[in-house]
Amino acid sequence: MKKFLTKSFAWFGYLAVLLLLPQFFDSILAVSLFNQMAIAIVFALSYNMLLGQGGMLSFGHAVYFGLGGFLAVHALLLIEFETVYFSIVYIPLLAGLVGLLAALFIGSFSTRKAGTVFAMISLGIGELLAASSLIFVSFFGGEAGVSGDRTYGPPLFGVEFFQGIEIYYLAAAWVFVATLFMYLFTQTPAGRMANAVRDNPERAEFIGYSARRVRYISFCASGFFAGIAGGLYALNYEFVTEETLNAVTSGRVLLMAYIGGLGYFIGPILGAVILTLMNSLLSNYTDLWMLYLGILFLLTVLFLPKGFAGFIMMHRVAWLQRRIGKLVLPYLATGIPAMLFMATCVLMLELSHLEDESLSVLSIDLSASSPFTWIGLLLIATISMLVTRRTLPALREAWEFANHMTDEPESKS
Amino acid sequence: MSILTLNNVHKRFGETPIIRGVNLSIEEGERHAIIGPNGAGKSTLFHLISGKYPVTEGTISLRGQAIQNLPPYEIARRGLARSFQVTNIFPRLSVFENIRCGLLWKMGYGYSFWNLLGRQHDLNTAARGILDQIGLSQRADYPAGELAYAQQRALELGIAIASGAEVIMLDEPVAGMSHSEAENAVALIRRVTEGKTLIMVEHDMSIVFDIADRISVLVYGELIACDTPSNIRNSEKVQEAYLGTVTADE
Ligand SMILES: Nc1ncnc2c1ncn2[C@@H]1O[C@H](COP(=O)(O)OP(=O)(O)O)[C@@H](O)[C@H]1O
Ligand SMILES: [Mg+2]
């Protein structure tokens with residue numbers, strides 16, 4: 001019962017955040033950012049049905065996203081030319097069905113094995129479709145893509161979807177429903193057996209389940225939700241190109257799920273939020289943002305193999321033991337010099353790549369051509385790194401202390 | 001009536017014959033031990049019966065229905081469950097989830113994605129019951145991969161019996177355990193396989209002679225004897241081929 005209440009509370013919180021966000025940040029830029037996040041959340045969660053839940057590493061998940069997107073744009077065009085007439089709020093569902101259809105077909109041969117075979121097939125299909133999309137111009141629009149207009153459909157309660165904020169609320173509703181259903185899927189026999197097959201496909205067969213059929217079901221569900229995400233994308237941008245179904249998009253969703261944390265349901269949500277933020281904010285300030293993204297991914301793989309969600313969950317024991325407070329100071333002591341180190345590195349990267357030779361930071365003008373700048377920055381970097389290393393043992397000790405079990409572990413339920 | 005019958009079963013890996021014409025008939029409710037030196041093909045025989053490998057030649061029938069070359073899940077659904085010589089569980093799932101997965105097919109859930117596991121009262125009660133039986137209730141929420149070895153073996157057994165299968169096959173269920181652990185495990189095996197047909201590969205002769213109604217001796221892929229424990233003990237052929245070497249080793 002208590003568990004049920006906590007869970008309901010979490011879902012209400014999620015809904016509240018989705019609905020209230022644009023009340024606090026209502027600039028056009030913010031709303032467009034939220035739209036991107038909403039799309040990314042559904043897409044990343046659908047990806048994790050494959051990788052995190054089902055143990056299938058896909059390099060071609062954009063296929064389902066992109067197909068959903070293209071179908072959605074064509075649906076907009078059909079509405080515009082009055083071939084059909086229905087509210088655009090249903091378009092994500094149609095897009096999802098296209099994703100499902102594609103997954104039903106592709107999954108029928110790609111889910112035979114997980115592992116390398118599956119990964120290679122997904123890569124191949126991705127390339128194949130990206131290439132065909134440039135060939136079959138009438139449906140995919142070639143290099144230029146296809147664009148539509150979302151405002152021709154019948155208004156819903158007077159809403160005509162002229163504005164980003166209206167699309168955001170539509171997207172938020174879809175995100176909530178899709179998240180809920182993807183979560184519920186993890187709580188069903190098919191969802192649980194997907195975890196079992198991920199862990200040990202051989203054993204699953206000896207308890208009555210065809211590993212292939214189990215994978216196939218997850219695969220289809222995943223394609224469905226990826227299609228919904230693609231539909232939301234099309235409604236938001238009213239414009240879909242080959243990029244939505246090529247390897248770049250497939251790679252990005254992998255990064256989101258991985259950085260967020262594959263082992264936790266909320267991991268991909270975190271990853272989607274973090275990467276969308278980086279993608280749109282950072283790219284305004286620096287051309288190097290792809291490099292930073294790569295570094296972030298590398299650091300995650302090396303130091304946080306369970307992603308950000310895993311990092312947060314690492315603190316459960318300390319929290320339960322009421323010793324989390326003991327970690328604050330050591331975290332600050334290590335975190336501040338570590339941040340300084342990273343900031344200095346970023347500065348050096350930016351300086352070395354600068355065009356107009358100088359950069360103003362905290363109202364200090366740094367000149368890339370002056371040796372003093374470089375000596376100074378190197379000095380700061382070295383010192384902050386040394387300080388970080390000096391403080392590490394204390395952090396480790398505090399960590400041991402906070403996680404040391406004094407009592408018998410409580411039952412986790 | 002015999003519940004499991006092997007008829008002239010052969011298995012070759014490439015050119016190498018590993019199982020060479022095994023005939024075996026196991027009665028319903030029987031406790032049957034298979035013994036034999038390392039590399040004799042005992043595990044391979046288990047793999048053939050449970051569908052992990054296809055047979056090269058011969059037939060296997062469960063309750064009169066041919067099951068050779070069916071995929072493992074088809075055979076499992078017909079009421080044959082097994083454990084593995086090397087622990088074979090779902091390491092990242094909790095102990096409770098491991099057992100619950102073992103129950104799913106038997107309880108008719110199939111590939112359902114419209115039932116919520118948490119709401120299935122009978123299913124969850126059954127899972128807890130099995131955890132009680134195998135003595136892992138305290139560990140219900142632990143990831144299975146973090147259990148101690150003997151506990152993992154108990155879980156392995158629990159997954160096998162969860163399916164409610166009539167025929168239980170255990171491949172060296174107590175190998176690698178300390179003496180007292182093995183004793184507990186044997187008592188557990190006895191308890192949970194009550195009224196079922198048990199086929200077991202085991203090296204420890206005292207356990208075999210204690211548990212089994214009949215013993216088959218497999219040497220180089222051939223059954224050289226299949227008889228009651230006392231007859232096996234007194235058989236010169238078996239002494240020569242197998243028991244002698246074991247006593248000499250020990
Ligand atoms: N997949 C396989 N491919 C080739 N040879 C195998 C395979 N599995 C088992 N063998 C061989 O079959 C023989 C019997 O192995 P096994 O059945 O594991 O013996 P036991 O369980 O009686 O110790 C061994 O010589 C082993 O090397
Ligand atoms: Mg063996």
Side-chain angles (χ1 to χ4, degrees), chain A residues 1 3-4 7 49 52-55 100 111-112 180-222 224-225 262-264 306 310 313 316 408-413, chain B residues 46-47 50-52 71-84 87-94 96-120 123 137-145 156 159-160 162-165 169:
Chain A
M1 194 60 206
K3 209 169 164 182
F4 180 75
K7 279 197 177 156
M49 289 179 106
Q53 311 279 352
L100 174 63
T111 54
R112 197 169 309 185
L180 186 63
F181 275 98
M182 281 189 267
Y183 175 75
L184 290 178
F185 180 81
T186 67
Q187 304 298 311
T188 63
R192 184 64 71 248
M193 282 312 296
N195 304 150
V197 167
R198 167 198 70 199
D199 279 13
N200 191 343
E202 179 188 53
R203 182 59 184 224
E205 300 238 316
F206 289 94
I207 59 175
Y209 283 86
S210 153
R212 179 178 179 182
R213 173 71 68 85
V214 170
R215 282 192 210 103
Y216 186 50
I217 292 170
S218 291
F219 189 84
C220 293
S222 167
F224 175 67
F225 288 107
L262 302 171
Y264 303 88
K306 292 183 173 172
M313 295 305 270
R316 244 189 92 235
E408 271 293 286
E410 302 167 60
S411 169
K412 286 181 197 165
S413 68
Chain B
F46 264 40
H47 294 331
S50 62
K52 179 170 171 179
Y73 52 88
E74 289 286 353
I75 297 173
R77 291 172 195 174
R78 288 165 196 225
L80 185 143
R82 64 165 297 184
S83 75
F84 289 77
T87 306
N88 209 345
I89 54 179
F90 305 110
R92 286 164 64 188
L93 297 190
S94 74
F96 178 77
E97 296 288 5
N98 268 267
I99 296 296
R100 190 157 68 174
C101 284
L103 284 161
L104 284 175
W105 192 272
K106 168 73 180 180
M107 296 189 67
Y109 289 99
Y111 297 98
S112 151
F113 46 85
W114 50 89
N115 289 299
L116 288 177
L117 289 168
R119 302 247 174 110
Q120 310 306 315
L123 173 69
S137 297
Q138 297 295 315
R139 291 280 179 268
D141 295 322
Y142 274 61
E156 169 99 38
I159 298 172
S163 67
M169 302 177 68

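Labels below follow one simple rule: chain letters A, B, ... track the order of the sequence lines, proteins then strands, and each chain is numbered from 1. Source: prediction; values computed, not measured.
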Salt bridge (charged side-chain N to carboxylate O under 4.0 Å, His left out) against A:Lys306, all qualifying residues, sequence neighbours excluded
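Partners of A:Lys306 by the salt bridge (charged side-chain N to carboxylate O under 4.0 Å, His left out) criterion come out as none, since no residue qualifies.
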Name the option with the most non-hydrogen atom pairs under 4.5 Å to chain B; the candidates are A:Ala190, A:Gly263, A:Gly191, A:Pro189.
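If we count pairs closer than 4.5 Å to chain B, A:Pro189 comes out on top.
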Separation between [atom1] of [X] and [atom2] of [Y], rounded to the nearest 0.5 Å:
X        : Y        : atom1 : atom2 : value
B:Asn115 : A:Thr188 : CG    : OG1   : 8.5 Å
B:Glu97  : A:Met193 : CD    : CE    : 11.0 Å
A:Tyr216 : B:Tyr111 : OH    : OH    : 13.0 Å
A:Arg203 : B:Ile159 : CZ    : CD1   : 4.5 Å
B:Leu104 : A:Arg192 : CG    : CZ    : 9.0 Å

Report yes if some heavy atom in the side chain of A:Gln187 is under 4.5 Å from a heavy atom in the side chain of B:Leu116; otherwise report no.
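A:Gln187 reaches B:Leu116 side chain to side chain.
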I need the minimum non-hydrogen distance between A:Asn200 and B:Ile89, along with the two atoms involved.
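Looking at all heavy atoms of both residues, the shortest contact is ND2-O, 2.9 Å.
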Given the rule in the side-chain contact (heavy atoms from CB on, under 4.5 Å) test, do A:Asp199 and B:Arg92 qualify, once you have shown the distances and angles that lead to the verdict?
CA-CA 7 Å; A:Asp199 279 13; B:Arg92 286 164 64 188; 3.2 Å; yes
Max heavy-atom pair count under 4.5 Å with chain A, selected residue of B:Gly145, B:Pro91, B:Ser163
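The residue among B:Gly145, B:Pro91, B:Ser163 with the greatest pair count is B:Pro91.
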Side chain, backbone, both or neither: which part of [X] has a heavy atom under 4.5 Å from chain A?
X        : answer
B:Ala160 : both
B:Arg100 : side chain
B:Lys52  : both
B:Ser112 : both

With a sphere of 6.0 Å drawn around CD of A:Glu202, does it hold more than 12 non-hydrogen atoms of other residues, nucleotides or ligands?
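More than 12 heavy atoms, drawn from other residues, nucleotides or ligands, come within 6.0 Å of this atom.
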Around B:Phe113, counting heavy atoms of other residues, nucleotides and ligands shown, do more than 12 lie under 6.0 Å from its CZ?
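Check fails, neighbour count at 12 or below.
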Review item, side-chain donor-acceptor pairs of residues 204-213 of chain A, under 3.5 Å, at least two apart:
{"residue": "A:Glu205", "atom": "OE2", "partner": "A:Ala211", "partner atom": "N", "Å": "2.9"}
{"residue": "A:Tyr209", "atom": "OH", "partner": "B:Gly110", "partner atom": "O", "Å": "2.7"}
{"residue": "A:Ser210", "atom": "OG", "partner": "A:Arg212", "partner atom": "N", "Å": "3.4"}
{"residue": "A:Ser210", "atom": "OG", "partner": "A:Arg213", "partner atom": "N", "Å": "3.1"}
{"residue": "A:Arg212", "atom": "NH2", "partner": "A:Ser108", "partner atom": "O", "Å": "2.6"}

Heavy-atom contact with chain B under 4.5 Å, split by part of A:Ile217:
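Side chain of A:Ile217 only, per the 4.5 Å heavy-atom cut-off to chain B.
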Does the side-chain contact (heavy atoms from CB on, under 4.5 Å) test come out yes or no for B:Phe90 and A:Arg198, once each step is laid out?
CA-CA 9 Å; B:Phe90 305 110; A:Arg198 167 198 70 199; over 6 Å; no
